[in-house]
Amino acid sequence: MNRSAVWHPFTQHAVEPTMPSIARTGGAYLETADGRRILDAISSWWVVTHGHRHPKIMDAIRNATETLDQVIFAGLTHEPAEQLASALVEMTPASLDWVFYSDSGSTSVEVALKMALGYFRNIGAPRSRIVVMESSYHGDTIGAMSVGARGVFNAAYEPLLFEVDTIPFPAAGREQETLDRFEAVSRDRGVAALIVEPLVLGAGGMLMYPAWILAELKKIAEASGTLFIADEVMTGWGRTGTMFACEQAGISTD
Ligand SMILES: Cc1ncc(COP(=O)(O)O)c(C=O)c1O
């Protein structure tokens, strides 16, 4: 095979050996062209929650392509989008009754941040500061990198990243520091939103913290009118035992 023209994410091509080529997928496994089976223990980066090529999902994709492909979504809608949105509203807390479709984890974070700033502008009381948790990861677009931990993967883009306020990770025995810091930064009412990975910081090293901290953070956010954004890209869809991690704290995001 000629040298590959593909530039892979999170890969240093100067040192990476030739990559295995995946010829087939099924259930929890990836299968290489030469027949080796690889257990996909991170569900292809959290995405394939139901296993590879689940028959129901494959059927739904096949059926959808019989009648629809890309449809402009500004000013038009279609039945599958309406059905999915209704189902999502049904399964999320009562206060969440709108769905905005995005195309990746990073862009959904961008949209959430834009919604937060847009909200405060629209009510005539602009706020623009964002509070983040130490060691978080929210994606690789400029806004998503800005609200994530700074390090080797985003150092080159530092001049473009916006400033945020950071609260410490609530490590066991140091939880109060996290809550005190959030209370202090939100006191002046200039904070638009707090964004967190609820219960587990995935890419940051599977750092876990208990549900009661989420509930306390939400209380502080409510007291200062700060919006609460939960990035459930990694924790959603049952990964922490409940459909969404926030359910364990008995809270709803904004
Ligand atoms: C918590 C979290 N947020 C956002 C993202 C970014 O998602 P995407 O790679 O789809 O842009 C990830 C990706 O791993 C993630 O774990």
Side-chain angles (χ1 to χ4, degrees), residues 6-12 19 22 25 30 40-52 57 61 84 88 92 96 99-117 130-157 160-162 164 166-171 178 192-211 213-214 217-218 221 227-249 251-254:
V6 179
W7 194 341
H8 291 262
F10 293 104
T11 303
Q12 173 42 271
M19 294 184 189
I22 302 303
T25 59
L30 310 173
D40 187 1
I42 61 163
S43 315
S44 276
W45 237 326
W46 330 137
V47 178
V48 191
T49 309
H50 304 280
H52 287 281
I57 295 173
I61 292 172
L84 177 59
L88 288 169
T92 48
L96 299 179
V99 173
F100 183 91
Y101 289 114
S102 195
D103 57 321
S104 71
S106 304
T107 51
S108 61
V109 166
E110 299 280 346
V111 169
L113 297 173
K114 286 170 68 180
M115 281 180 178
L117 265 68
I130 305 292
V131 180
V132 308
M133 188 179 278
E134 175 191 10
S135 303
S136 297
Y137 175 74
H138 295 292
D140 288 300
T141 50
I142 296 295
M145 283 191 291
S146 298
V147 295
R150 310 292 164 96
V152 62
F153 289 118
N154 53 38
Y157 322 111
L160 292 182
L161 307 186
F162 56 77
V164 294
T166 304
I167 57 174
F169 174 77
T178 304
L194 166 71
I195 179 165
V196 291
E197 289 170 85
L199 300 187
V200 191
L201 275 58
M206 294 297 167
L207 304 172
M208 320 247 171
Y209 62 94
I213 294 171
L214 272 183
L217 289 171
K218 171 75 177 169
L227 297 175
F228 188 97
I229 302 171
D231 172 354
E232 296 237 19
V233 167
M234 198 278 288
T235 52
W237 306 106
R239 255 172 225 288
T240 66
T242 44
M243 186 57 86
F244 297 104
C246 283
E247 288 170 33
Q248 294 181 43
I251 60 164
S252 167
T253 59
D254 294 303

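Atoms within each ligand, like the ligands themselves, are counted from 1 in listed order.
- The main-chain N or O of Pro168 is found under 3.5 Å from a side-chain atom of Thr178 such that the two form a donor-acceptor pair.
- Using a distance-only test at 3.5 Å, with no hydrogens or angles considered, a donor-acceptor pair links the side chain of Gln248 to the main chain of Thr240.
- Close contacts between ligand 1 and Gly139 involve ligand atoms 4 (C), 6 (C) [criterion: under 4.0 Å to a heavy atom].
- Contacts of Glu197 with ligand 1, taken as heavy-atom pairs under 4.0 Å, involve the side chain alone.
- Residue Gly105 has at least one heavy-atom neighbour below 4.0 Å for each of these atoms of ligand 1: 6 (C), 7 (O), 8 (P), 10 (O), 11 (O).
- For Asp231, the heavy-atom gap to ligand 1 drops under 4.0 angstrom.
- Using a 4.0 Å cut-off between heavy atoms, Tyr137 contacts ligand 1 through both its backbone and its side chain.
- Counting only distance, with no hydrogens or angles, the side chain of Ser44 and the backbone of Val47 share no donor-acceptor pair below 3.5 Å.
- Every atom of ligand 1 with a heavy atom of Ser104 under 4.0 Å away is listed here by number and element: 10 (O), 11 (O).
- Thr242 places a side-chain N or O within donor-acceptor distance of the main-chain N or O of Phe244, the cut-off being under 3.5 Å.
- Short contacts between ligand 1 and Ser106, defined as distances under 4.0 Å to a heavy atom of the residue, involve ligand atoms 6 (C), 7 (O), 8 (P), 11 (O).
- The minimum heavy-atom distance linking Thr253 with Lys218 is given by the pair C-NZ, 4.5 Å.
- For ligand 1, one of its N or O atoms has an N or O atom of Trp46 under 3.5 Å away.
- With Glu232 contributing its side chain and Ala245 its backbone, the two residues share a donor-acceptor pair below 3.5 Å.
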